[in-house]
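Each chain gets a letter, A, B and so on, in the order its sequence line appears, and its residues count up from 1. On a predicted model such as this, the values are computed, not experimentally measured, just so you know.
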Protein chains: 2
Amino acid sequence: MSLTLSPPQSIKVCVVEDDSVIRDGFALLINGTHGFRVMNTYHCCEDALKNLEHDDPDVVLMDIELPGMNGIEGIGKIKKLKPKTNIIVITVYENDDLVFKALCAGAGGYLTKNMPPLRLLEAIQEIQGGGAPMSTNVARMVVQSFQKNRNSPLTSRETEVLELLSKGKSYSTIADELFVDKETIRTHIKNIYWKLEVHSKAEAIEKATKERLI
Amino acid sequence: MSLTLSPPQSIKVCVVEDDSVIRDGFALLINGTHGFRVMNTYHCCEDALKNLEHDDPDVVLMDIELPGMNGIEGIGKIKKLKPKTNIIVITVYENDDLVFKALCAGAGGYLTKNMPPLRLLEAIQEIQGGGAPMSTNVARMVVQSFQKNRNSPLTSRETEVLELLSKGKSYSTIADELFVDKETIRTHIKNIYWKLEVHSKAEAIEKATKERLI
DNA sequence: TTTAAAATCCCCCATACCGAGTTATTCAGG
DNA sequence: CCTGAATAACTCGGTATGGGGGATTTTAAA
């Protein structure tokens with residue numbers, strides 16, 4: 001019989017959240033549920049990082065706006081120290097910029113604070129089971145990020161050329177890959193520049209990326 | 001009092017699925033639930049496209065492997081004709097390639113056929129409510145696609161340079177943006193090429209993208 | 001504190017690339 | 001039949017790129 005305080009199948013959780021009411025609420029909910037155990041709670045990333053090795057959490061619930069280091073930075077540092085830790089962002093902010101920064105930094109889930117409490121427990125299980133818990137809006141943002149603008153001013157050939165250009169290929173290489181003359185590619189690119197109202201490769205790629213033409 | 005066959009708040013659904021058992025199962029489930037209505041079911045995209053204007057569905061449930069046009073192509077054509085239609089892919093295949101192709105083509109959700117039946121109804125409501133229903137594995141794939149390789153051989157400065165290079169910027173532009181000399185950028189790029197064992201910009205970007213270094 | 005890695009800068013060279021301007025042919029779809 | 005799309009050709013001047021060499025300074029790790 002094991003003498004540890006929690007059974008081995010318990011999911012070890014840390015909470016990083018500056019609002020003590022929310023922090024304690026989460027801790028209470030999680031600790032009060034069989035199969036979960038809160039190792040520690042913190043009001044800032046700095047403290048959480050100090051004890052990360054000792055706490056050895058499976059899942060970290062992470063706020064974004066925090067005193068000192070913000071949550072995005074914190075995610076990066078936790079992932080660097082312990083790459084297998086699963087991090088779920090829990091915040092009130094749901095704007096594109098923050099969502100993508102958090103995911104790029106290594107977050108494996110993204111929820112908003114107005115979720116029903118039981119959703120939190122589901123999410124922790126979901127991320128441990130190989131999923132990626134997301135709020136409705138975040139899921140949509142993420143999926144939409146794959147989709148192109150359907151009102152592109154570019155023809156399909158022009159889009160094709162611009163895509164290859166954005167991969168760093170030269171006019172000659174593109175010409176070879178598309179089995180046409182280099183001059184044809186030059187003409188396509190001139191037309192692309194004219195349509196996008198730009199005067200260089202970098203501007204074209206920037207504009208096309210921003211408007212999701214490629 | 002309205003004389004239409006379904007109340008205005010009913011979600012109009014079409015099913016495209018070549019297995020008649022599954023197709024009829026879905027239709028029965030959806031039509032048997034208040035607030036949902038199946039407009040039509042099809043065994044191939046071609047037929048679904050012919051009646052798309054008439055059916056005017058809010059949501060299309062789309063299989064991938066189909067006789068004739070495959071589901072990915074079908075998604076693109078439906079979105080072209082009626083961009084506001086929400087499409088949920090329902091398939092047995094969950095590999096990266098198919099998932100990303102489907103999302104790029106315009107799918108707004110992606111589920112597997114082994115889901116519990118009620119999940120289908122939830123998913124239809126979810127996508128109509130601005131969400132993006134995904135199976136556990138698909139959600140994880142999608143989130144992981146934002147994350148970089150944490151074992152990059154490149155230094156942070158080199159990564160920064162390669163990122164700007166991949167945006168189509170020239171050595172001089174990169175130098176200006178990073179407030180260093182062009183010669184410094186050239187050295188960084190030489191080191192990047194050496195580390196990645198490549199000999200050109202395009203190769204470097206290709207390799208870095210594949211290994212998620214940028 | 002010694003060392004190694006990272007970041008910075010400089011030179012040469014030859015080729016290929018790029019942006020701008022202009023014109024023109026072929027072909028498919030409405 | 002006419003427009004848009006894709007294709008191709010020409011010139012011109014300047015820039016970018018890849019490869020070679022060497023050097024210094026700053027930072028981080030051992």
* Asked: Of the non-hydrogen atoms in A:L103 and B:Q147, which two are nearest, and what is the gap between them?
  -> O-CG, 2.9 Å
* Asked: Where along residues 192-206 of chain A does a heavy atom come under 4.0 Å from DNA chain C, residue by residue in number order?
  -> A:Y193, A:H199, A:S200, A:K201
* To do: Please say whether more than 12 non-hydrogen atoms of neighbouring residues, nucleotides or ligands are located less than 6.0 Å from NZ in A:K190.
  => yes
* Gap between atoms CZ and C1', on B:R157 and D:dT26 respectively (whole Å) -> 13 Å
* Asked: D:dT17 P sits how many Å from B:H188 NE2, rounded?
  -> 16 Å
* Asked: Roughly, in whole Å, what's the span from CG in A:L162 to P in D:dA6?
  -> 13 Å
* Asked: Roughly how many Å is it from NZ in B:K169 to P in D:dT17, rounded to a whole number?
  -> 13 Å
* Please list residues of residues 170-187 of chain A whose heavy atoms come under 4.0 Å from any atom in DNA chain D, ordered by number; otherwise none. => A:V180, A:D181, A:E183, A:T184, A:R186, A:T187
* Where does the angle between the aromatic ring planes of A:F146 and B:F100 fall among parallel (under 30°), tilted (30 to 60°) and perpendicular (over 60°)? -> parallel
* Set of side chain to side chain donor-acceptor pair (under 3.5 Å) partners for B:K113, sequence neighbours left out -> B:E17, B:D63
* Would you call A:K82 and A:D56 a salt bridge, using N to O less than 4.0 angstrom? -> yes
* **Residue pair B:G131 / A:T136: nearest heavy atoms and the distance that separates them** => CA-CG2, 3.2 Å
* Note: B:D19-B:R23 ion pair, threshold 4.0 Å (strictly below) -> no
* A:L165 has an atom CG; how far is it from atom C1' of C:dC18, in whole Å? -> 10 Å
* Could you give the CG-to-C1' distance, from A:N191 to C:dG21, as a whole number of Å? -> 13 Å
* Taking atom types as they are modelled, is there a donor-acceptor pair under 3.5 Å from the base of C:dG19 to the side chain of A:K190? -> no
* Asked: What's the CD-C1' distance between A:E160 and D:dA6, to the nearest Å?
  -> 11 Å
* Is the shortest heavy-atom distance from the side chain of B:L154 to the side chain of B:L196 under 4.5 Å? -> yes
* **Lys/Arg-Asp/Glu bridge criterion (N-O < 4.0 Å) met for B:K167, A:E206** => no
* Report yes if a side-chain nitrogen or oxygen of B:T155 is closer than 4.0 Å to either non-bridging phosphate oxygen (OP1 or OP2) of C:dA7; otherwise report no. => yes
* Between A:I189 (CD1) and D:dA6 (P), how many Å, whole number? -> 14 Å
